[in-house]
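Beneath this line is the structure, given in structure tokens, with notes to follow.
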Amino acid sequence: MPELPEVETIARFLRNSTAFTSSGGSLAGGSVIGRVIRSVELLWERTLAEPLPAEVNTRLVGQEIREVDRRGKFLVLELSRGWLLFHLRMSGDIRVEQESATCLAHDRVIFHFGDDTRLVFNDTRKFGRIWAVDDPQSVVGGLGPEPLGNAFSAELLHQMLRARSRELKPLLMDQAFLAGLGNIYTDEALHRAGLHPRRRSSSLKMQESERLYQAIREVLEEGIRRNGASIDWVYRGGEFQNYFRVYQRQGQVCTTCGTKIERIVVGQRGTRYCPKCQPL
DNA sequence: CACGAGACCTGTTCGC
DNA sequence: TGCGAACAGGTCTCGT
């Protein structure tokens with residue numbers, strides 16, 4: 001579910017003393033930074049990727065949350081000793097609330113703080129994972145560049161694209177190639193760049209790579225500015241779904257040229273594009 | 001290396 | 001109304 005902008009939004013909610021949680025409710029007592037984990041409740045054991053369930057309390061109890069960051073689609077929490085990482089996959093969500101709040105269906109792991117508040121990992125489809133490790137590189141070490149980072153440039157993207165010969169859509173969604181794009185933002189970026197999802201990466205001219213680079217940055221920045229996208233039954237408080245140009249718009253007209261948006265399958269993922277703006 | 005199929009999961013929507 | 005199929009913001013593993 002969440003892609004880079006949604007995870008960034010959650011990271012900011014957890015880090016800052018804002019008035020909202022990622023689910024739109026009020027964040028009990030503000031930032032989670034400075035809070036100490038007093039116990040961990042594993043409601044669905046397989047959510048815990050590392051360590052083994054028996055070791056999780058020894059590893060986390062007494063640890064203070066020092067910093068909240070994001071790497072690709074991973075939420076990265078620095079603890080007083082070690083690191084706690086979350087990946088929300090398709091349906092994960094995080095909320096911080098008072099201990100007196102009502103538990104919800106699909107709550108999978110609960111981190112109780114000592115101050116009558118808790119952090120809850122809710123995940124309908126059970127794909128999400130949590131890691132408690134000594135070195136975050138063991139989890140995120142294989143990721144490609146951060147698309148909004150300073151080290152990422154049009155020249156670098158062009159070189160990366162030319163070094164491979166894959167269809168653009170699955171390549172851009174490959175987290176080892178570039179970290180953070182998922183189905184929504186890839187479709188939106190390709191439309192803004194005027195590139196067909198099946199276009200071979202090795203065939204791009206510098207000017208096209210430059211357009212793709214700008215499109216990726218713009219679509220991610222706009223997503224973050226709108227607090228991510230809220231679709232399906234999971235409400236996250238974001239508004240970007242109201243600005244989609246192609247995603248979930250098959251059969252409707254392209255806002256640029258009026259042609260009907262089509263849906264095809266690329267790399268086993270539903271893919272929306274404008275056949276006129278994005279010719280092969 | 002590139003690519004497709006299948007697995008992991010639950011819920012909603014659509015067609016008959 | 002009922003019921004199965006298709007689909008859903010992701011990633012991993014296996015086989016060709």
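Throughout, protein chains are lettered first and strands after them, A, B, ... in sequence-line order, and every chain is numbered starting at 1.
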Checklist line | Under-3.5 Å donor-acceptor pair between A:R164 side chain and B:dA2 base | finding: no
Notebook entry, point to check: Between A:K126 and B:dT10, does any side-chain N or O lie under 4.0 Å from OP1 or OP2?
Noted result: yes
Checklist line | Nucleotide B:dC8, atom P - distance to CZ of A:R108 in whole Å | finding: 16 Å
Item checked: A:R46 side-chain proximity, nearest of B:dG11, B:dC8, C:dG10 -> B:dC8
Next item on the list: Could you check how far CZ of A:F86 sits from P of C:dT11, rounded to whole Å?
Entry: 17 Å
Notebook entry, point to check: A:F111 and A:F121: aromatic ring centres closer than 6.0 Å?
Noted result: no
Checklist line | Inter-nucleotide C1' distance (C:dG9, B:dC3), Å rounded | finding: 23 Å
Item checked: Short side-chain N/O contact to C:dG9 OP1/OP2 from A:K73, under 4.0 Å -> no
Next item on the list: With heavy atoms under 4.0 Å as the rule, sort A:R272 into base, sugar-phosphate or nothing.
Entry: sugar-phosphate
Checklist line | Closest-nucleotide 5' rank along DNA chain C - winner of A:R125 and A:Q175 | finding: A:R125
Check: Which whole-number value in Å describes the distance from A:D187 CG to C:dG9 P?
Finding: 9 Å
Margin query: I want to verify a distance call: between C:dG10, B:dT10, B:dA5, whose nearest atom is closest to the A:Q268 side chain?
Written below: B:dA5
Check: For A:Y243, is the NZ or CZ atom of A:R226 found under 6.0 angstrom from the centre of its six-membered ring and inside 45 degrees of the ring axis?
Finding: yes
Next item on the list: Identify the two heavy atoms, one from A:E188 and one from A:V219, that lie closest to each other, and give their separation to 0.1 Å.
Entry: CB-CG2, 3.5 Å
Note to self: From CZ of A:R166 over to P of B:dG4, roughly how many Å is that when rounded to an integer?
What the structure shows: 10 Å
Next item on the list: Taking only the side-chain heavy atoms of A:T124 (C-beta and beyond), determine which of B:dG4, C:dG10, B:dG11 contains the nearest atom.
Entry: B:dG11
Next item on the list: Report the nucleotide, chosen from C:dG9, C:dA8, C:dT11, that has the shortest atom-to-atom distance to any side-chain atom of A:R263.
Entry: C:dA8
Notebook entry, point to check: More than 12 non-hydrogen atoms from neighbouring residues, nucleotides or ligands closer than 6.0 Å to CZ on A:R263, yes or no?
Noted result: yes
Next item on the list: Respond yes when some side-chain nitrogen or oxygen of A:R269 is under 4.0 Å from OP1 or OP2 of C:dA8, and no when none is.
Entry: no
Notebook entry, point to check: Does the ring of A:F127 meet both stacking tests against the six-membered base ring of C:dT11: centre distance under 5.5 Å and plane angle under 30°?
Noted result: no
Notebook entry, point to check: How many Å lie between CG on A:L161 and P on B:dA2, as a whole number?
Noted result: 12 Å
Item checked: Between C:dT11 and B:dT12 - C1' atom distance, rounded Å -> 22 Å
Note to self: Whole angstroms only, please: what is the CG-C1' distance between A:L168 and B:dC3?
What the structure shows: 16 Å
Checklist line | P-based separation of C:dC3 from B:dC9 [nearest Å] | finding: 26 Å
Notebook entry, point to check: Could you state the CG-C1' distance from A:L48 to B:dC8, rounded to the nearest angstrom?
Noted result: 17 Å
Check: In the structure shown, which nucleotide is the Watson-Crick or G-U wobble counterpart of C:dA5, with both distances under 3.5 Å?
Finding: B:dT13
Notebook entry, point to check: Reckon A:R129 has a side-chain N or O less than 4.0 Å from the OP1 or OP2 of B:dC9?
Noted result: no
Margin query: One pair to check against ring pair (Phe, Tyr, Trp, His ring centres under 6.0 Å): A:H196 and A:Y273. What are the steps and the verdict?
Written below: CA-CA 7 Å; A:H196 194 286; A:Y273 77 108; 4.7 Å; yes
Next item on the list: Report the distance from atom CD of A:E239 to atom C1' of C:dG9, rounded to the nearest whole Å.
Entry: 16 Å
Notebook entry, point to check: So, is A:H106 close to the B:dT10 phosphate, meaning a side-chain N or O under 4.0 Å from OP1 or OP2?
Noted result: no
Note to self: For a quick check, tell me whether the side chain of A:E167 and the base of B:dA2 share a donor-acceptor pair closer than 3.5 Å.
What the structure shows: no
Next item on the list: Given ring pair (Phe, Tyr, Trp, His ring centres under 6.0 Å), test A:F240 with A:Y247 step by step and report yes or no.
Entry: CA-CA 11 Å; A:F240 189 58; A:Y247 188 77; 9.9 Å; no
